[in-house]
Amino acid sequence: VGPRDLAKGECIFKYRSGTEEKIAISLDGAASAAVEGLENMQKQLYDAALERLTTGITEGITYDEMRDTLESDEAGVYPGAGLYLVPWKCDADNEDKIKE
């Protein structure tokens, strides 16, 4: 908040997420507007991250299909599938198979 803002009795808000416009806010309402704006920004960032997570999960494939995809580096291409939910049986035979 600078001297011109104080003279006008307002401050300018500009968020990096959501709207690109500058918003003039009365100094009396600045604290509550800041809280509201930060809560909105956090929700937008969370929703975007959740969308990336849910669209980046591959289900319904076998271990061999997952391995082939990872070995061909298809998973390394954004926004390719980043997480795989595959059947898993925790025993020594499965561990040996994965080590191969």
Side-chain angles (χ1 to χ4, degrees):
V1 177
R4 286 184 283 171
D5 296 324
L6 291 174
K8 290 181 182 178
E10 65 182 21
C11 60
I12 304 298
F13 283 18
K14 181 168 183 332
Y15 297 99
R16 293 182 177 187
S17 175
T19 181
E20 292 294 320
E21 64 189 62
K22 293 180 181 180
I23 304 167
I25 303 290
S26 158
L27 289 177
D28 294 334
S32 61
V35 169
E36 181 182 338
L38 290 171
E39 288 173 349
N40 289 338
M41 185 171 28
Q42 194 278 334
K43 182 176 180 348
Q44 291 168 357
L45 292 170
Y46 176 82
D47 290 345
L50 184 60
E51 175 67 20
R52 283 192 309 274
L53 174 65
T54 55
T55 59
I57 296 175
T58 300
E59 296 183 75
I61 64 170
T62 66
Y63 173 80
D64 291 331
E65 291 169 325
M66 178 190 71
R67 184 194 65 226
D68 293 343
T69 301
L70 292 172
E71 287 176 352
S72 69
D73 200 29
E74 290 176 28
V77 179
Y78 188 79
L83 297 174
Y84 291 86
L85 297 178
V86 295
W88 173 258
K89 183 177 179 185
C90 189
D91 63 16
D93 291 336
N94 253 356
E95 185 175 345
D96 290 339
K97 181 179 177 182
I98 291 171
K99 288 179 181 178
E100 294 173 4

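Note that this is a predicted model, so its numbers are computed, not measured. Numbers here simply count residues along the sequence, with the first being 1.
- Linking Ile, Leu, Val, Met, Phe, Trp and Tyr residues whenever their side-chain heavy atoms come within less than 4.5 Å leaves Leu6 and Ile25 in two separate clusters.
- Counting only heavy atoms from C-beta outward, the side chains of Gln42 and Leu38 never approach each other to under 4.5 Å.
- Shown here are the side-chain contact (heavy atoms from CB on, under 4.5 Å) partners of Ile61, two or more places apart in sequence or in another chain: Thr58, Glu65, Met66, Tyr84, Val86.
- Note on Phe13 and Leu27: separate hydrophobic clusters, where clusters join Ile, Leu, Val, Met, Phe, Trp and Tyr whose side-chain heavy atoms are under 4.5 Å apart, directly or indirectly.
- For Ala92, there are no side-chain contact (heavy atoms from CB on, under 4.5 Å) partners at least two apart in sequence or on another chain.
- Remark: Lys8 pairs with no residue by the side chain to side chain donor-acceptor pair (under 3.5 Å) rule, at least two apart or across chains.
- Under the salt bridge (Lys or Arg N to Asp or Glu O under 4.0 Å) criterion, Asp93 pairs with no residue, sequence neighbours left out.
- The shortest side-chain heavy-atom distance between Val1 and Ile12 does not fall under the 4.5 Å cut-off.
- In this view, Asp96 satisfies the side-chain contact (heavy atoms from CB on, under 4.5 Å) rule with no residue, not counting sequence neighbours.
- Pairs passing the side chain to side chain donor-acceptor pair (under 3.5 Å) check and including a residue from residues 24-40, sequence neighbours excluded, do not occur.
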